Amino acid sequence: MSVENQQIVIIKAENKPGVLSKISSLCRRRRYNIKSLTAGTTHIKNISQVTLIFSENEDRMENIVNQIDKIVEVVSIKLVESKDIIDKELVLLVVKDDKIADKILKNGIHNVSARVINTVGKCFVLEIVGEGREVDHILGDLDFEKDVVKMARSGLVALEL
Amino acid sequence: MTGADILFKSLIKEKVDTIFGYPGGATIPLHDKLKDYPQIRHILPRNEQGAAMAADAYFRVTGRPGVCLSTSGPGATNLLTGIANAYMDSVGMVAITCQVASPFVGTDAFQEVDIIGMTQPIVKHSYFVDNINDLPRIIKEAFYLASTGRPRPVHIDIPVDLFKTEVNKFNYPKKISLSGYKLPKKISSKQINKACSLIRKSARPVILAGHGVIISRASEELKKLVESVQIPTMTTLLGIGAISEKHSLNFGMLGMHGMAWANYAVHNADLIIGIGIRFDDRITGKIEEFAREANVIHIDIDSAEIGKNTLVDVPILGDCKEALEKINKKNIKKSHKEWIGKIRQWKSKTDLNLIKTEVRLKKSKTLMAQDIIEEIDRQTKGKATIVNDVGQNQMWSAQHFKYTKPGQLLSSGGLGCMGYSLPASIGAKFGDPKADVWAIMGDGGLQMNIQELGTIMEHKLPIKIIVLNNGYLGMVRQWQELFFDKNYATTKLTNPKFYKVAKAYEIESYRIRTFKDMKEKISRAVKANGPIFLEFIIGSEDNVLPMLPPGNKLGDTIVKR
Ligand SMILES: Cc1ncc(C[n+]2csc(CCOP(=O)(O)OP(=O)(O)O)c2C)c(N)n1
């Protein structure tokens, strides 16, 4: 998937049961592809933030934004551009050996912070944190079949500036 | 005082006078208290689907949310079709389902279903009640949500143990705080100006009026605009009555079985003003060809409807009535004589009377539905409230009756749900006892909710039940005839003598085959004080025309088989 048709939406919603399920089933029902969905609390009491990444063309976005906005618990929703936000993603990655770990730790091109948090036998457990795009690049350089034992990604969390 | 009292007291605060409800294990403690609240009339349908559809019709005639109630599990799932119907047609409703007792929720207990999960995509909002003290607030919010903005159903699920919980005080909240609920702000005057400049410039404008005009009670303002700017107007099925069909600038219903001339006009327009409509596929035809040469002004209260199906040049977000008032204030005066003349020309070539014989394959003396509807119009002096079903009967009764008032036709538009007419006619009669209610249905639709004859019998409701019996699931048969080489798979019905079924329900009933008898029995129905059931045997292969074959553009509407 190219980054071009990736759309970032930031939702502020009342922290009530069922809100996430409403948002995600609305997207399923109207056939919008969600690439990533994260949710957590904010500095405001009882208000949560959902960061939604769609793999969709921009011209389809207005309608889904309006649809989600109608959910009664949704206080605000905004389609944002990458230049107006900071975003981060965390990856937990287990690689086969020290050579692969080194390649990631010492890479000079992509701006992520990576460190070893554990080892299991010969395998290295890495923590990688960085902007979504940078993380995508780092992972893009890996050969998942040969190099990687396990991986889990947090999904993107974004903050509007 | 118990939780059950809290529910009834809250409903009374919302001026609820009628509940369409059905009992079960989870409602017993609630229904037990009913006797203490004589202000509330509880109507028992014969299937919960009937409760939801009656509540739906109650809203359509009163403008106030209808209330339906069911037990848990199967009672609740039976409501679903009626709730979906209300959702699709922007109908305000508060649907209350009782749930298994709190300690059992989530354990697959007897008659437990995740009804909140099931209604989620077909309601505006829903509540699961954890604590009886929250109930007054929830009821207040539910009625507010169901009746403001775009009306739609709201669902409340209440575990049965809460009805038995002792409560000390009943406090009904005065204020509502729903921080995420956004009602449209004041209409932007910039958009109004843009719309007016398009209106001034256009040579071939049309207005498409939908259900939104009726919901926002904007008929007067619509008429004013139509007359001062002389804009030919068409309505959607649910917009019928938004402007009188006797008005010289109302060119009738458009769409799949709309008037051919109306469709041609929309196809050739240079400006389309959509008011309270969704630009649904049944009225746009092939969407790529819709409004190809026209600018579009779209007035709607729901931001998610604007630009959803068609490109819009001037979106106006807000209440139809307010928007029309603002446009009317600009005092635009135009005439469009040539354009109106052109539409009248199309009309003179495709008038329903001219194409009448086209609907029939070969000459026969069998009654025609068209004549029956026209006779009802004549004999009720155009004053009947028509509640139709789905299929050919729906289109014939939309086409051949001249509706003059908003709310005069109740129809299942968006969901197109067979079985609507009988329970909805009950809801309409309870909501507006003065209305002269005629339920018009096919032999298929009758059998979807035939059990509601029991409700009509019980309350001796003076509803006129008109069955157009063609022995087929007619509308599907028509498609099979036209597009599937007459392969009438699964559409031939083996029927009982319906008039005898009605007799068993102690309803005056007749089976009618001749023109003379038709006139006589309709006159009997007009005079009847109680329910009356007229089963008309009509041509088995009569079609609805005009028709816009699926996948075609409005300009391709046909008036022959
Ligand atoms: C609940 C439901 N089931 C199926 C359909 C599909 N359907 C649409 S029209 C129609 C035929 C209706 O037949 P009938 O009630 O006899 O009316 P007619 O078209 O003959 O007037 C059917 C089956 C539907 N609209 N609703």
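Since this is a predicted model, take the numbers as computed values, not measurements. Throughout, a chain's letter reflects where its sequence line sits, starting with A, and its residues are numbered from 1.
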Only pairs under 3.5 Å, no angle test: what donor-acceptor pairs are there between chain A and chain B?
from, atom 1, to, atom 2, distance (Å)
A/S21, OG, B/Q120, NE2, 3.1
A/K22, NZ, B/H125, ND1, 3.3
A/S25, OG, B/Q120, OE1, 2.7
A/N63, ND2, B/A304, O, 2.8
A/N66, ND2, B/S303, O, 3.4
A/D69, O, B/K182, NZ, 2.8
A/D69, OD1, B/K182, NZ, 2.8
A/K70, NZ, B/D302, OD1, 3.4
A/K70, NZ, B/D302, OD2, 2.5
A/V74, O, B/K182, NZ, 2.5

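- For CG of B/L311, the number of neighbouring non-hydrogen atoms (other residues, nucleotides, ligands) closer than 6.0 Å is 12 at most.
- Residues of residues 137-161 of chain A lying within less than 4.5 angstrom of chain B, judged on heavy atoms, are absent.
- Checked against side chain to side chain contact (heavy atoms under 4.5 Å, CB included), A/V129 has the following partners two or more places apart in sequence or in another chain: A/K88, A/L90, A/S113, A/E127.
- Environment of CZ in B/F104: sparse, with no more than 12 heavy atoms of neighbouring residues, nucleotides or ligands closer than 6.0 Å.
- The contact between A/I71 and chain B is made entirely by backbone atoms, counting heavy-atom distances below 4.5 Å.
- Legend: residues meeting side chain to side chain contact (heavy atoms under 4.5 Å, CB included) with A/D102, ordered by chain and number and at least two apart, are A/L105, A/K106.
- If you measure heavy-atom distances from B/I116 to chain A, you find no contacts under 4.5 Å at all.
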